[in-house]
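Structure record follows, encoded as structure tokens.
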Amino acid sequence: MPDRDLPTILVNITQELDALPIEQRGPVADYIPALARVSPEHFGLAVVLADGSVHVAGDANVPFSIQSVSKVFMLTMALQKHGDDVWKRVGREPSGSAFNSIVQLETEHGIPRNPFINAGAIVVSDMVLNGGDPRSAIGDVLRFVRDLAGDETISIDNEVANSEAVTGFRNTALANYMKSFGNMGREVEGALKLYFHQCALSLTCRQLALAGRYLMLDGQHPTSGKAIVDVAVARRINALMLLCGHYDGSGEFAYRVGIPGKSGVGGGILAIVPGKASIAVWSPGLNARGNSLLGTKALEMLAEETGWSVFMPGAGL
Ligand code: GLN
């Protein structure tokens, strides 16, 4: 019989995973110094329920680099701006390839498989930029995420953004390759600048779970009630998160956890139980696919304990 008291469940999961030794936590991303120096010992968990209550455990108030979790917010902005035209430039299929892979782009004529791999996210950033000024687009993204979370203190870590740019040879290659197929705007530099800055958004688990509320609430802004996106669009963002949110580990995540989720190489995952919960977890150590090792484990345990699953919508807390 599961313990159905959510605060206790969160504390139990955190205590069990926090006790694991370094060797069982996975290596942290090391492609830039700012991520390489993050301690693998961090673990944070935050759950916001549909009634607005917030439950946290561990390092839920320590900011981290959300990296590819930002791709969810950027897709939302692109859909707000361009509607279904987004799907002329990016697909909706799982890639089965690494997050930064270039191989499918050749045979698929520069149209990335989905908005959550790097190539797809760079096209999405290009759509959000929409030929405009990268600096003001970065400001728009920051304002959007702050508004979703209801927290004006959220910021972008400029050290991370600058290192992303300095080491971003693959992302630059992806952008140029797509440009050669006519699937990027005039200047690839602007879209890349926006992409590197969105990756450098720095949020705590609490802030990230708050920012994800609209996806639990059928696309509605949690306080104003206005539509961030239509209910049909929110449902589809969740569908894409379930099928594509963990790159070539998406099937495994769906199998083990069974709710939509989007990971980032900083070790964060945003997971949504439609109608019930917005969840953020952070543990910087990664598995072989670049997804948080203990973060995935934590969500698997949480789903098991609460009964949350999109495949049994009536079940659970
Ligand atoms: N900044 C990283 C990159 O573009 C983001 C990738 C990720 O989080 N998986 O390579």
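Along the sequence shown, the residues carry numbers beginning at 1. Both ligands and their constituent atoms are indexed starting at 1 by order of listing. Values in this document were obtained by computation on a predicted structure and should not be read as measured data. Scope of the values below: all heavy atoms of this structure, side chains included, with no hydrogens, waters or symmetry mates.
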* When you check the side-chain N and O atoms of Thr76 and Tyr214, is any donor under 3.5 Å from an acceptor? -> yes

* Structure fact -> Interatomic distance, NE2@His55 vs CG@Leu10, rounded to 0.5 Å, equals 7.5 Å

* Is Lys297 paired with Glu304 through a side-chain N to carboxylate O contact shorter than 4.0 Å? -> no

* To do: Give me the one residue out of Lys193, Gln67, His197 that meets side chain to side chain donor-acceptor pair (under 3.5 Å) with Glu164.
  => Gln67

* Asked: Measuring from Leu215:CG to Met241:CE, what's the distance to the nearest 0.5 Å?
  -> 6.0 Å

Can you pull every nitrogen or oxygen pair between ligand 1 and the protein closer than 3.5 angstrom?
unit_1, atom_1, unit_2, atom_2, d
ligand 1, 1 (N), Tyr31, OH, 3.1
ligand 1, 1 (N), Gln67, OE1, 2.5
ligand 1, 1 (N), Glu164, OE1, 2.8
ligand 1, 1 (N), Glu164, OE2, 3.2
ligand 1, 4 (O), Asn118, ND2, 3.1
ligand 1, 4 (O), Asn171, ND2, 2.9
ligand 1, 4 (O), Tyr195, OH, 2.7
ligand 1, 8 (O), Ser68, N, 3.2
ligand 1, 8 (O), Ser68, OG, 2.6
ligand 1, 8 (O), Val265, N, 2.8
ligand 1, 9 (N), Ser68, OG, 3.1
ligand 1, 9 (N), Tyr247, OH, 2.9
ligand 1, 10 (O), Asn118, ND2, 3.2

* Residue of the set Phe253, Phe116, Phe99 for which ring-ring contact (aromatic ring centres under 6.0 Å, His included) holds with His246 -> Phe253

